[in-house]
Amino acid sequence: MTRDEIKTELMRIFRDVFEFKNPDPNDNLRDVHGFDSVDAIELLREIEIMLGARLSREEKEKAMDVRTINQIVDYVESLASTRS
Amino acid sequence: MERRVVVTECSAITPIGQTKEEIIRHLVDGKSGVKKLRDDGLLSNYIQSGVFGTVDYPIEYDFKRTYRKTMGPVAFYACQVAKEILEKAGLGEDFITSGRLGVAFGSTHGSPSVQRQIYRSFFSNSESEFSSIGAIDYLKSMVHTTSVNITKMFGITGRVISSCTACTTSSQSIGFGYEMVKYGMQDAMLCGGADEYDTTTVAVFDNLLACSTAFNDAPHLTPRPFDVRRDGLVVGEGAGAVLLEEYEFAKRRGANILCEIIGFSCNNSGGDLIFPNMDAITKAIQLGLQDAKISADEVDFVSAHATATKMGDVVEAQAIYSVYRDSPLITGLKSYMGHTMGSCGAIELIIALYMMEEGFVAPTLNLDEIDDRCAMIRHATGLTETDIRVAAIQNFAFGGVNTSIIIKKI
């Protein structure tokens with residue numbers, strides 16, 4: 001997946017699955033959208049489905065530092081590069 | 001310290017309606033909420049009982065995703081009745097989040113429909129399944145999913161009690177909530193129970209030969225508590241909740257006081273986990289009266305557990321007679337809606353309260369010919385206009401758990 005494809009798909013997920021209104025790539029997910037621990041688990045599941053592959057425990061733990069959609073795009077791009 | 005405890009709000013989702021008006025209409029018209037068992041694509045074809053106490057009207061939920069994401073169907077029921085209560089109660093947010101309001105709410109076994117999804121993932125060999133699937137399903141399906149989804153939705157920070165004792169789940173919730181307030185550990189408790197549409201429970205009772213099977217083509221004719229043609233219980237779905245408050249607190253804030261809870265008892269048969277125990281049930285009834293500090297002849301109405309099993313109704317009728325003789329009117333409210341399992345105690349208390357408010361007792365539905373072995377008590381066989389000053393709501397569960405709640409008009 002290209003970076004643009006990843007970003008487009010993530011924005012769709014945040015709008016359709018997480019029901020965020022007008023998500024901005026620079027929004028702090030927790031402060032602006034109330035993103036919580038349950039959402040983090042759901043998002044990792046969505047990323048697994050997007051990539052068509054399971055994430056390792058180490059890979060999932062790296063997601064704990066992510067705060068914005070742009071950082072999630074970076075995270076997924078990195079995961080995708082190791083699987084291409 | 002013993003404080004008086006009052007009910008200030010109530011809300012129910014039942015097979016015979018959601019509003020007080022709709023529920024009373026069913027009682028007055030003798031209209032049943034028992035329908036044919038729906039096809040669940042798994043067990044329904046193997047179950048001999050073909051009836052279910054069904055909530056078949058639409059419920060308009062408006063829960064945001066932040067709440068929905070951890071809710072299975074049972075939590076939707078629970079949060080809906082809790083929401084209706086808190087919207088009507090007029091308690092300030094300061095109080096709701098103060099730690100002085102607690103929640104006592106449960107269900108028979110969380111959300112069985114979500115549990116099925118989890119098992120499908122476990123047993124699926126599909127490559128499309130991922131390890132993280134099911135993590136949130138636990139929050140939707142766990143035994144205390146109803147109570148903690150309520151606390152989350154409203155920011156309630158007080159005590160949480162999650163009873164899960166099958167048919168006494170919500171009567172225990174109300175009883176334990178009553179004790180929390182009575183003994184000063186909380187100033188208010190939101191109490192109740194819920195259970196969603198579930199064929200697993202039907203299958204369990206079906207295998208025990210305890211489910212009704214003879215009226216699959218005429219669901220409204222079953223269950224038939226105390227009747228000679230009764231052939232077992234009918235599983236149902238629903239939810240019921242009440243708000244309990246300390247009397248002085250409720251009076252000070254101008255709350256609408258619906259009734260007082262004056263007594264609660266809970267004991268165990270200490271033996272067989274399935275068969276009803278006459279001595280233990282009798283003792284539970286006596287303990288309820290003792291806690292209420294009243295005599296048996298002061299009780300005007302008894303809402304019997306009355307599941308319409310062959311043995312259970314006989315044992316209960318004998319226990320009622322041994323304590324109350326033939327003084328109070330007796331109704332088996334499950335005759336209208338089946339056995340709503342974890343919610344039955346709360347729903348039956350709410351219906352008893354409605355009848356107390358409106359001055360009537362509804363008859364046991366389908367009680368065409370009273371079984372001689374149950375005939376010694378004063379059955380409500382017709383709609384009776386009467387002033388209920390004190391009512392007892394009794395419930396008994398698998399595991400030998402017995403409860404009695406005594407409410408009084410105020």
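Every chain is numbered from 1, with letters handed out A, B, ... down the list of sequences. Because only heavy atoms are used, hydrogens play no part in the values below, and waters and symmetry mates are left out as well, while side chains stay in.
For NZ of A:Lys7, the number of neighbouring non-hydrogen atoms (other residues, nucleotides, ligands) closer than 6.0 Å is 12 at most. By the neighbour-count criterion of 12 heavy atoms within 6.0 Å, atom CZ of B:Arg116 is densely surrounded, having more than that number from other residues, nucleotides or ligands. No more than 12 heavy atoms of other residues, nucleotides or ligands lie within 6.0 Å of CG in A:Asn22, so this atom counts as exposed by the packing criterion. Heavy-atom contacts from other residues, nucleotides or ligands closer than 6.0 Å to OH of B:Tyr119 number 12 or fewer. Counting heavy-atom neighbours within 6.0 Å of A:Arg30 CZ, excluding the residue itself, gives a total of 12 or less.
Heavy atoms of A:Phe35 lying under 4.5 Å from chain B are absent altogether.
Of the inter-residue distances, the one linking A:Arg45 atom CZ with B:Ile136 atom CD1 reads 7.5 Å to the nearest 0.5 angstrom. The CG atom of B:Leu139 sits 7.0 Å away from atom CD1 of A:Ile41, with the distance rounded to the nearest 0.5 Å.
Among the residues in residues 76-83 of chain A, none has a non-hydrogen atom closer than 4.5 angstrom to a non-hydrogen atom of chain B. Within residues 67-95 of chain B, the residues having any heavy atom under 4.5 Å from a heavy atom of chain A are, by residue number, B:Arg68, B:Lys69, B:Thr70.
No donor-acceptor pair under 3.5 Å is formed between the side chain of B:Arg65 and the backbone N or O of A:Phe20.
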